[in-house]
Amino acid sequence: MVPRPNPSVLPAADRQRLEAMLRNPQIFAGTPQAIVDETLKRATQVLEQSKANEQALKLAAEQREAALRQMLEGAVPDREAQRQEVNALIQTLIAQIEAALDPAAKP
(Lines give C-alpha, C1' and ligand atoms only; values in the text may rest on other atoms or scores of the structure.)
Protein backbone atom coordinates (compact mmCIF):
# COMPACT_ATOMS: atom_id res chain seq x y z
CA MET A 1 0.00 0.00 0.00
CA VAL A 2 1.48 3.33 -1.08
CA PRO A 3 1.24 6.08 1.54
CA ARG A 4 -0.99 8.91 0.43
CA PRO A 5 0.24 12.50 0.71
CA ASN A 6 -1.35 14.65 3.39
CA PRO A 7 -4.10 16.98 2.19
CA SER A 8 -3.00 20.56 1.66
CA VAL A 9 -3.36 22.89 4.62
CA LEU A 10 -2.48 26.57 4.36
CA PRO A 11 0.19 27.95 6.67
CA ALA A 12 -1.21 30.38 9.27
CA ALA A 13 0.36 33.43 7.57
CA ASP A 14 -1.22 32.59 4.19
CA ARG A 15 -4.59 31.95 5.82
CA GLN A 16 -4.44 35.30 7.60
CA ARG A 17 -3.60 37.10 4.34
CA LEU A 18 -6.52 35.48 2.51
CA GLU A 19 -8.92 36.22 5.36
CA ALA A 20 -7.74 39.86 5.44
CA MET A 21 -8.25 40.11 1.68
CA LEU A 22 -11.79 38.76 2.00
CA ARG A 23 -12.59 41.23 4.80
CA ASN A 24 -11.14 44.17 2.90
CA PRO A 25 -11.74 43.82 -0.85
CA GLN A 26 -10.95 47.53 -1.29
CA ILE A 27 -7.32 46.45 -1.75
CA PHE A 28 -8.38 45.67 -5.32
CA ALA A 29 -9.26 49.29 -6.11
CA GLY A 30 -8.85 49.88 -9.83
CA THR A 31 -8.89 46.18 -10.71
CA PRO A 32 -11.63 45.00 -13.10
CA GLN A 33 -14.61 43.67 -11.13
CA ALA A 34 -14.57 40.28 -12.88
CA ILE A 35 -11.02 39.69 -11.68
CA VAL A 36 -11.90 40.82 -8.16
CA ASP A 37 -14.94 38.54 -8.05
CA GLU A 38 -13.00 35.53 -9.32
CA THR A 39 -10.10 36.18 -6.93
CA LEU A 40 -12.42 36.48 -3.93
CA LYS A 41 -14.33 33.36 -4.98
CA ARG A 42 -11.10 31.39 -5.34
CA ALA A 43 -9.74 32.67 -2.02
CA THR A 44 -12.94 31.55 -0.29
CA GLN A 45 -12.70 28.11 -1.88
CA VAL A 46 -9.04 27.70 -0.93
CA LEU A 47 -9.77 28.70 2.67
CA GLU A 48 -12.71 26.31 2.92
CA GLN A 49 -10.74 23.41 1.44
CA SER A 50 -7.79 24.11 3.71
CA LYS A 51 -10.03 24.16 6.77
CA ALA A 52 -11.72 20.90 5.71
CA ASN A 53 -8.33 19.26 5.13
CA GLU A 54 -7.09 20.50 8.50
CA GLN A 55 -10.14 19.00 10.22
CA ALA A 56 -9.68 15.68 8.39
CA LEU A 57 -6.02 15.53 9.41
CA LYS A 58 -6.87 16.41 13.01
CA LEU A 59 -9.55 13.73 13.17
CA ALA A 60 -7.21 11.15 11.61
CA ALA A 61 -4.50 12.00 14.14
CA GLU A 62 -6.97 11.70 17.02
CA GLN A 63 -8.14 8.32 15.75
CA ARG A 64 -4.56 7.08 15.34
CA GLU A 65 -3.73 8.24 18.84
CA ALA A 66 -6.80 6.52 20.29
CA ALA A 67 -5.98 3.28 18.46
CA LEU A 68 -2.39 3.39 19.65
CA ARG A 69 -3.44 4.09 23.22
CA GLN A 70 -5.86 1.21 23.09
CA MET A 71 -3.20 -1.12 21.74
CA LEU A 72 -0.62 0.02 24.30
CA GLU A 73 -3.07 -0.36 27.16
CA GLY A 74 -3.91 -3.87 26.02
CA ALA A 75 -7.62 -3.10 25.69
CA VAL A 76 -7.83 -5.57 22.80
CA PRO A 77 -6.29 -8.83 24.05
CA ASP A 78 -6.84 -10.89 20.91
CA ARG A 79 -4.33 -10.36 18.04
CA GLU A 80 -6.92 -11.08 15.35
CA ALA A 81 -9.34 -8.60 16.92
CA GLN A 82 -6.51 -6.06 17.06
CA ARG A 83 -5.67 -6.63 13.41
CA GLN A 84 -9.31 -6.25 12.38
CA GLU A 85 -9.73 -3.10 14.44
CA VAL A 86 -6.55 -1.54 13.03
CA ASN A 87 -7.65 -2.45 9.48
CA ALA A 88 -11.04 -0.85 10.11
CA LEU A 89 -9.37 2.31 11.41
CA ILE A 90 -7.07 2.39 8.39
CA GLN A 91 -10.03 2.05 6.02
CA THR A 92 -11.83 4.87 7.85
CA LEU A 93 -8.77 7.10 7.63
CA ILE A 94 -8.33 6.33 3.94
CA ALA A 95 -11.98 7.24 3.28
CA GLN A 96 -11.62 10.50 5.22
CA ILE A 97 -8.44 11.48 3.40
CA GLU A 98 -9.92 10.56 0.02
CA ALA A 99 -12.97 12.66 0.85
CA ALA A 100 -10.71 15.59 1.72
CA LEU A 101 -8.82 15.12 -1.56
CA ASP A 102 -11.94 14.47 -3.66
CA PRO A 103 -11.60 16.45 -6.92
CA ALA A 104 -15.32 17.25 -6.83
CA ALA A 105 -14.77 19.09 -3.53
CA LYS A 106 -11.80 21.03 -4.88
CA PRO A 107 -12.34 24.37 -6.58
**Report entry** From Gln45 atom CD to Leu40 atom CG, the distance as rounded to the nearest 0.5 Å
**Finding:** 11.5 Å

Query - Spatial distance of atom CG (Leu47) from atom CZ (Arg42) [nearest 0.5 Å] - result: 10.5 Å

Query - Same cluster (ILVMFWY, side-chain, under 4.5 Å), Leu18 and Ile27 - result: yes

Report task. Working to the nearest 0.5 Å, report the span between CD of Glu19 and OG1 of Thr44. Result -> 10.0 Å

Query raised in the report: Would you say Val86 and Leu68 are hydrophobically clustered, going by side-chain heavy atoms of ILVMFWY under 4.5 Å?
Result: no

Query raised in the report: If you measure from the Lys or Arg side-chain nitrogens to the Asp or Glu carboxylate oxygens, is any gap between Arg69 and Glu65 under 4.0 Å?
Result: yes

Requested in this report: Say whether Asn87 and Gln91, considering side chains only, have a donor N or O and an acceptor N or O under 3.5 Å apart.
Outcome: no

Report summary line: Given the options Lys58, Gln49, Arg15, Lys51, Val9 meets side-chain contact (heavy atoms from CB on, under 4.5 Å) only with Arg15

Report summary line: Heavy-atom nearest pair, Gln96 first then Ala56, reads O-CB, 4.4 Å

Query raised in the report: Got a second to check how far Leu93's CG is from Leu57's CG, nearest 0.5 Å?
Result: 10.5 Å

Query raised in the report: So if you build clusters from Ile, Leu, Val, Met, Phe, Trp, Tyr with side-chain heavy-atom gaps below 4.5 Å, do Ile97 and Leu59 land together?
Result: no

Query raised in the report: Got a donor-acceptor contact below 3.5 angstrom from the Thr92 side chain to the Ala88 backbone?
Result: yes

Report summary line: Rounded to the nearest 0.5 angstrom, the OG1-CG distance for Thr31 and Asp37 is 11.0 Å

